[in-house]
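Report on the following structure.
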Protein chains: 2
Amino acid sequence: MTDEKKPRRRPRSDGQRNRENLLTVAKAAFTAGEVDIPLDEVARRAGVGIGTLYRHFPNRDALIEAVYRAELDRLANAAPTLAAQHPPVEALRAWMRLFVDYIAAKQVIAPALNGLVGGTCALYAQSGTILQNAIEGLVSAAVASGDINADIDPLDLLRALAGVSNYAAGPGWETSAKRLVDILIAGSRRTTP
Amino acid sequence: MTDEKKPRRRPRSDGQRNRENLLTVAKAAFTAGEVDIPLDEVARRAGVGIGTLYRHFPNRDALIEAVYRAELDRLANAAPTLAAQHPPVEALRAWMRLFVDYIAAKQVIAPALNGLVGGTCALYAQSGTILQNAIEGLVSAAVASGDINADIDPLDLLRALAGVSNYAAGPGWETSAKRLVDILIAGSRRTTP
DNA sequence: GATATATGCGGAGCATTACTCCGCTTAACA
DNA sequence: TGTTAAGCGGAGTAATGCTCCGCATATATC
């Protein structure tokens, strides 16, 4: 049934190079706040035709997802490291702060999510899974150690943070977001009977 | 300096009626999840020309803001009532839950915010002020009564809730959001020394 | 090297949609 | 009932997402 044909040829080198160029240009544009940049313009800056762009990324969302996938991976990969270095609750706190830092520094994830969540939730669902797994590991460890409540849904924490990042604006935003991290942690703590 | 000319005539009745129709249709569409509905279609459903739509609402954002302004007002107006009926912390909790209910029932605020926050933050800033005032009143009362921490920024709570509403999806969302309310309240509580 | 061919390139062209412009209509006022 | 300006309507414009298909070229074979 699964008639997967092994590719007979190696992928063409120029194809991969163009793909890289497109991702680089798109990431730069999104980071600079040009979330609504016309795709023609992305193709032009990358020095390829519009057709090439659409072959690599069948629509706008696909391009955006590809750009952020790498970023999200890096964020997710930090989770195990932190878990190894800190006690559970502090690892969770550290990761959440890292999340904030990440958004603050790059200002990349938030604006992109905005344009997407409305239409195709699929993107968020797919990319989000990576982050979900990351935070779930941290939370379950903290639950196991008895530090935080068992009925915490890790996704709730993630959603709250992502939400705050949406409205990131003004200079005081970052400290405000970190305050929220502390509130969330405190609110998740197991009420010592 | 303020050369405000008193309008010489009363506004035309059909003008107001058309405006109402447009708002009604737009609200219905947005509530039904058709956030990306073409404006021509809105005009058509309202039985007016596209030109009429654009005279009343110079662009898409203006229409969306007008639709939600009324909703937000109702939400904000509930705050004083709740404050009169409950002790401070419970009033705050009740209002936050109401916020969630509101979004859950209407599914109106969230998808609209999505399409907007990215581009023009002005809308959120303007409409948001209404909600900001509402929650600030509740929070400061709870601070005054000594129930919650003084360094809580009401906006943080609001942002977290709004954020969760952005990713509202799936059946279990509402209960999840209410759990978050409790987490936020618990995390805001003054640590009794 | 030379040849064959699949893989990838490129941009003209189509469809959709936000927004404008201006002549016509009609409600408000005398 | 006549005058007038506020308001109506939709054809038209510009911008943008996306498709299609002939052409170019990197890869594999001899």
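Lettering of chains follows the sequences in order, A, B, ..., and the numbering in each one begins at 1. Note that the coordinates shown come from a computational prediction; the quantities given were computed from them, not determined experimentally.
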For [X] and [N], what is the distance between atoms [atom1] and [atom2] respectively, to the nearest whole Å?
X	N	atom1	atom2	result
Arg10(B)	dT26(C)	CZ	P	19 Å
Arg17(A)	dT7(C)	CZ	P	19 Å
Asp14(B)	dG9(D)	CG	P	8 Å
Leu22(A)	dG10(C)	CG	C1'	13 Å
Leu53(A)	dA12(C)	CG	P	16 Å
Glu34(B)	dT17(C)	CD	P	12 Å

Can you give the donor-acceptor pairs under 3.5 Å from side chains of residues 146-155 of chain A to other protein atoms, not counting sequence neighbours?
residue	atom	partner	partner atom	Å
Asp147(A)	OD2	Ser145(A)	OG	2.7
Asp153(A)	OD1	Leu155(A)	N	2.9

Exercise for the section: Only counting residues at least two apart or in another chain, list the ones meeting side chain to side chain contact (heavy atoms under 4.5 Å, CB included) with Ala28(B). Expected result: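 Per chain and number, Ala28(B) pairs via side chain to side chain contact (heavy atoms under 4.5 Å, CB included) with no residue.
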
Practice task
Under the salt bridge (charged side-chain N to carboxylate O under 4.0 Å, His left out) rule, collect the residues that match up with Arg44(B), sequence neighbours excluded.
Solution key: Glu41(B)

Handout entry: Check: Ser140(B) side chain, Glu136(B) main-chain N or O, donor-acceptor pair, under 3.5 Å
Key =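 Yes, Ser140(B) side chain to Glu136(B) backbone: donor-acceptor pair under 3.5 Å.
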
Are any of [X]'s side-chain N or O atoms less than 4.0 Å away from OP1 or OP2 of [N]?
X	N	answer
Asn18(A)	dG8(C)	no
His56(B)	dG7(D)	no
Thr52(A)	dG8(C)	no

Practice task
Kindly state each residue pair satisfying side chain to side chain donor-acceptor pair (under 3.5 Å) with at least one member in residues 81-90 of chain A, sequence neighbours excluded.
Solution key: Glu90(A)-Arg93(A)

Problem - Sequence neighbours excluded - side chain to side chain donor-acceptor pair (under 3.5 Å) pairs with any residue from residues 16-25 of chain A - result: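 For residues 16-25 of chain A: none.
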
Exercise for the section: Under 4.0 Å between any heavy atoms, over every strand shown, what does Ser13(A) touch: base, sugar-phosphate, or nothing? Just pick one. Expected result: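 Counting heavy atoms under 4.0 Å across all strands, the contact made by Ser13(A) is with sugar-phosphate only.
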
Handout entry: Contact state string [nucleotides 14-24 of chain D, B base, S sugar-phosphate only, - no protein heavy atom under 4.0 Å]
Key = --SSBB----B

